[in-house]
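Read through the structure below, which is laid out as structure tokens, and then see the notes.
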Number of protein chains: 2
Amino acid sequence: MRSAEFNKEQVLRAAMTAFMEKGYAKTSMQDLKAVTGLHPGSIYCAFQNKRGLLLAALEQYNRDRGEELQGLFSQHTSARAGLAAYMTHVVDECVSCDPQKLCLTQKALNELAEQDEEAQAILSEQCAMWRNALCSVFERIAEQGELTGTRSPLDRARSLIVSIYGLRTFAHTHPEPQVMRDLGTQILKDVCQ
Amino acid sequence: MRSAEFNKEQVLRAAMTAFMEKGYAKTSMQDLKAVTGLHPGSIYCAFQNKRGLLLAALEQYNRDRGEELQGLFSQHTSARAGLAAYMTHVVDECVSCDPQKLCLTQKALNELAEQDEEAQAILSEQCAMWRNALCSVFERIAEQGELTGTRSPLDRARSLIVSIYGLRTFAHTHPEPQVMRDLGTQILKDVCQ
DNA sequence: TCATATCTTGAATAAGCATTCAAAAACTAA
DNA sequence: TTAGTTTTTGAATGCTTATTCAAGATATGA
């Protein structure tokens, strides 16, 4: 007889940034109350508990990143050019040192994979979706004849994911932006070879 | 007039495993008391506080891994063979799914880099040490004439670190062991090319 | 306009946390 | 043996935490 006042996506995006900046364990309900504008009761009503809010935020983050990736690639007719733009985007995020541009999937994977089976299952599936998306990209690049070597698109997708995870971790030590850009270029070269 | 009863290295190694399994935030003083066998007072006397224990554990971990790496390479006259053995070792750790074989440096980097400047500084320096060690390895491989291409040893060292970070993160999604081994092989190939 | 169902509010709860401290124990040197 | 110093011990402290819940507010349907 009465619908909720808050916008669920908006709340989840606010929660996402809090979890990205502080990590799951260090983000308190008080923090979440502050960033979402929701009182504890409402959070518990809508998401069960703090963990439920995290799991919902993980799903929202994955949807958002999926759309972002699709939008980025739709701007390029050449799949290879799309991949280069994607790599540049990732490197820019790394170089920005903005805690809100960390990858929540990766952050959660590192914090929770060994502790929370359900979270791990969600993250594994999200990783698989990402891998499949990149696999399609490599298939398109292959069709357009811009791939050297004999590696399968799936292998290449996996290698690219590994490299992007690594790049994001490496960025925590604040290397020079030029170093990050060079690493990005090299990754692209290796993965298309 | 009285020396401490506990062995500092032993205590730090116990703390290391606790931090690796649960992360810093979720490891309670009670956990640390349990794994180290030390009462709170002793921990605070020896390491100031929980954070001090973490920083000391990080240093110990770095020393241990440095020796491990040196030991591994000293078993091979060919630097290239040493590198292959090192890669196999990392892949085996990833495949084992043993939380105690996670890399504490990487775990701490992901959890604390944006939150604790001092920890970040320590971790950055450790990363630099690791980079330098791998750089020397690539210099030796180059001297032995087993390197294709024109990339500098430093670039190669950085790429390898990125790949290993990525491999460890990727492993949290439990890919098949054969996939992990193939990724390791590909990384070696790319980095020596 | 009123009844009803639902959401919002925020104080209360209880458990867990890092940290402190004073008393007890134990090693060392004389 | 004894005095002196340091470590060990673990209960106490005060704070923070996630979660609950009952009262109040508000939109909807009759």
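The sequence lines fix the lettering, A, B, ..., with proteins before strands; numbering per chain opens at 1. Bear in mind that the values here come from a model prediction, so they are computed numbers and not experimental data.
Between the P atom of D:dC21 and the CD1 atom of A:I43 lies a distance of 17 Å, rounded to the nearest Å. One can place NZ of A:K33 at 14 Å from C1' of D:dT17, the figure rounded to the nearest angstrom. Rounding to whole angstrom units, CG of residue A:L32 and C1' of D:dT19 are separated by 13 Å.
A side-chain N or O of B:D64 and one of B:Q60 form a donor-acceptor pair less than 3.5 Å apart. If you check the side chains of B:D116 and B:Q120, you find no donor sitting under 3.5 Å from an acceptor. For the residue pair B:Q186 and A:R151, a side-chain donor N or O sits within less than 3.5 Å of a side-chain acceptor on the partner. One side chain, B:S28 or B:D31, offers a donor N or O that lies under 3.5 Å from an acceptor on the other.
A salt bridge is defined here as a Lys NZ or Arg NE, NH1 or NH2 lying under 4.0 Å from an Asp or Glu carboxylate O, and A:E9 with A:R13 meets this definition. Under a 4.0 Å N-O distance rule, the pair B:E114/A:K22 does not qualify as a salt bridge. By the 4.0 Å N-to-carboxylate-O rule, A:E143 lies too far from A:R140 to be salt-bridged with it.
Residue B:H39 places none of its side-chain N or O atoms closer than 4.0 Å to OP1 or OP2 of D:dT8.
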Under 4.0 Å protein heavy-atom contact, by nucleotide of nucleotides 16-26 of chain C - B base, S sugar-phosphate only: -SSBBB---BB
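With sequence neighbours excluded, the residues forming a ring pair (Phe, Tyr, Trp, His ring centres under 6.0 Å) with B:F19 are B:Y24, listed by chain and number.
Residues from residues 6-17 of chain A with heavy atoms under 4.0 angstrom of DNA chain D: there are none.
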